Amino acid sequence: MKKVFLIFISLLLGYSNGLAQGKLSKAKNELRKEKQSGSRSGNTDQAYETYTSYDDSFDSYIANSIAEGIFLGIAYVAGMVTYGTLIGEGAPRTMNHYPYREHSYGHYLFDSTATGASYNLHIKSSFFANDQSTSATALQLQYKFHPLISVEGSHLHFFERDVIANENLDISSLLINYHRVREKHISAWWGVGASYVANEVHHFGFAYQLGIEIFPIKPISLFTSWKQSFINHSSIDEYKLHLKYYLKNTAISTGFNYYEIGSHNMPGIHLGLELKL
């Protein structure tokens, strides 16, 4: 009887631990998993994770379809066009010190007599929060040493606080960006590189991104980007849609961020501050 009681308590504690797992904990479990064999165990934790993964996937269907539909469509078109279309002719451009400086618009100058910047250092910090006790802070540094090329490093720190447990997830990325579109009212770029997930995951993966910024009227711009990192047999997807307000070489931004880590989605509000040197 005592042995049966101990087994019952162990199962109960295991089930409670599964319920106590937050979204970040379950996301990290997915990112850690290598390719699974065909065998499946029937324990309670796996059943619970399967259920919650299905529930998260169902909740994220609309937002995920919109985000992926837009940018995968762009990627599909990019795959159908020629090398020259992707790379372009590299028309000469001068880097602007910052958008809307002295009657200019975007990131580039078209007046041959204007004095441009020899380099750009772009610093971004931001805060993200969704409606399920999960938040994040981000820091991004972009160094553009040529009008066509920039190097970008970023660190994204998720944290989840509740009465049961605290969870953290750190994602660092390093990408090289090619600034394909360099026009007066619009800039667009794509980049490739790698991401690293720390904490209990400790895994590198290939990453790519696409981005567009539109400058319709001083002093605002519209910014959108898509970034995807492949970790083990899962992915980390980031979609951003922001409105920026420029104050000389500083900008404040607000908007919408959507993250999907494995099968777990986190849509929420973005607030950011940027400095261009």
Side-chain angles (χ1 to χ4, degrees), residues 60-79 81 85-86 88 96 98-100 105-108 120 122-130 136-142 144 148-150 152-156 171 173 175-193 195 207-229 235-247 250-261 265-276:
S60 68
Y61 177 77
I62 295 178
N64 190 42
S65 296
I66 294 174
E68 289 192 359
I70 293 173
F71 286 94
L72 290 181
I74 294 174
Y76 174 78
V77 172
V81 298
T85 303
L86 289 176
N96 200 357
Y98 53 84
Y100 298 117
Y105 270 75
H107 295 297
Y108 298 93
N120 281 151
H122 202 175
I123 306 171
K124 300 181 183 180
S125 63
S126 63
F127 174 78
F128 163 83
N130 80 343
T137 57
L139 178 64
Q140 177 181 310
L141 300 177
Q142 183 188 88
K144 187 187 293 184
L148 296 175
I149 305 293
S150 67
E152 177 185 311
S154 63
H155 183 76
L156 181 60
I171 305 166
S173 300
L175 295 97
I176 298 177
N177 295 319
Y178 179 77
H179 297 265
R180 171 63 183 87
V181 179
R182 304 169 301 279
E183 301 300 332
K184 183 176 182 180
H185 292 276
I186 183 170
S187 296
W189 60 93
W190 54 264
V192 293
S195 291
Y208 73 93
Q209 69 175 358
L210 305 167
I212 300 172
E213 189 168 4
I214 301 172
F215 303 87
I217 186 172
K218 185 178 182 179
I220 66 170
S221 75
L222 298 173
F223 171 90
T224 184
S225 69
W226 169 266
K227 180 179 178 180
Q228 188 171 48
S229 304
S235 69
I236 300 172
D237 304 338
E238 306 176 31
Y239 171 68
K240 300 176 182 179
L241 180 61
H242 299 162
L243 175 68
K244 297 184 183 183
Y245 186 92
Y246 282 91
L247 299 165
T250 304
I252 56 176
S253 61
T254 186
F256 171 79
N257 284 11
Y258 174 82
Y259 297 98
E260 185 165 349
I261 305 175
N265 66 94
M266 289 177 282
I269 301 300
H270 155 92
L271 295 173
L273 179 65
E274 304 181 14
L275 180 64
K276 198 167 186 179

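The structure displayed is predicted, hence computed values, not measured ones.
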As an exercise, state the distance from CG of Leu275 to NZ of Lys124, rounded to the nearest 0.5 Å. 12.0 Å
Which heavy-atom pair separates Pro267 from Asn130 by the least distance, and what is that distance? O-CB, 2.7 Å
Between Tyr105 and Pro216, the two heavy atoms sitting closest are CE2-O, 4.2 Å
Checking ring pair (Phe, Tyr, Trp, His ring centres under 6.0 Å) against Phe223, which of His270, His242, His107 comes through? His242
As a quick check of understanding, evaluate side chain to side chain donor-acceptor pair (under 3.5 Å) for Ser195 and Lys227, giving each step before the final call. CA-CA 11 Å; Ser195 291; Lys227 180 179 178 180; 4.7 Å; no
As a quick check of understanding, evaluate side chain to side chain donor-acceptor pair (under 3.5 Å) for Tyr239 and Asp237, giving each step before the final call. CA-CA 7 Å; Tyr239 171 68; Asp237 304 338; over 6 Å; no
Any side-chain heavy atom of Glu238 within less than 4.5 Å of one from Lys240? yes
Could you give the distance from OG (Ser221) to NE2 (His185), rounded to the nearest 0.5 Å? 13.0 Å
Give a yes or no on this: more than 12 heavy atoms of other residues, nucleotides or ligands lie within 6.0 Å of atom CZ of Phe127. yes
Between atom CG of Leu271 and atom OG1 of Thr137, what is the distance when rounded to the nearest 0.5 Å? 13.0 Å
Is the shortest heavy-atom distance from the side chain of Phe128 to the side chain of Ile269 under 4.5 Å? no
Closest approach of Asn177 and Gln142, non-hydrogen atoms and distance? ND2-NE2, 3.6 Å
Heavy-atom pair with the smallest gap, counting every atom of Ala136 and Leu156: CB-CD1, 4.1 Å
Do Tyr258 and Asn265 have side-chain heavy atoms sitting under 4.5 Å apart? yes
Heavy-atom count check: over 12 atoms from other residues, nucleotides or ligands less than 6.0 Å from Leu247 CG? yes
Classify the side-chain pair His179/Ser187 by whether it contains a donor and acceptor separated by less than 3.5 Å. no
For residues Arg180 and Trp189, determine if any side-chain heavy atom of one lies less than 4.5 Å from a side-chain heavy atom of the other. no
Determine the minimum heavy-atom distance between Ile220 and Tyr100, stating which atoms define it. O-OH, 2.5 Å
Closest non-hydrogen contact found for Asn96 with Tyr98 is ND2-O, 2.9 Å
Polar contact flag, side-chain donor to acceptor under 3.5 angstrom, Tyr208-Gln228: yes
The reported gap from CG in Leu243 to OG1 in Thr224 (rounded to nearest 0.5 angstrom) is 12.5 Å
Tell me, do Ser126 and Gln140 make a side-chain contact under 4.5 Å, heavy atoms counted? no
Is it the case that atom CD1 in Ile176 sees more than 12 heavy atoms from other parts of the structure closer than 6.0 Å? no
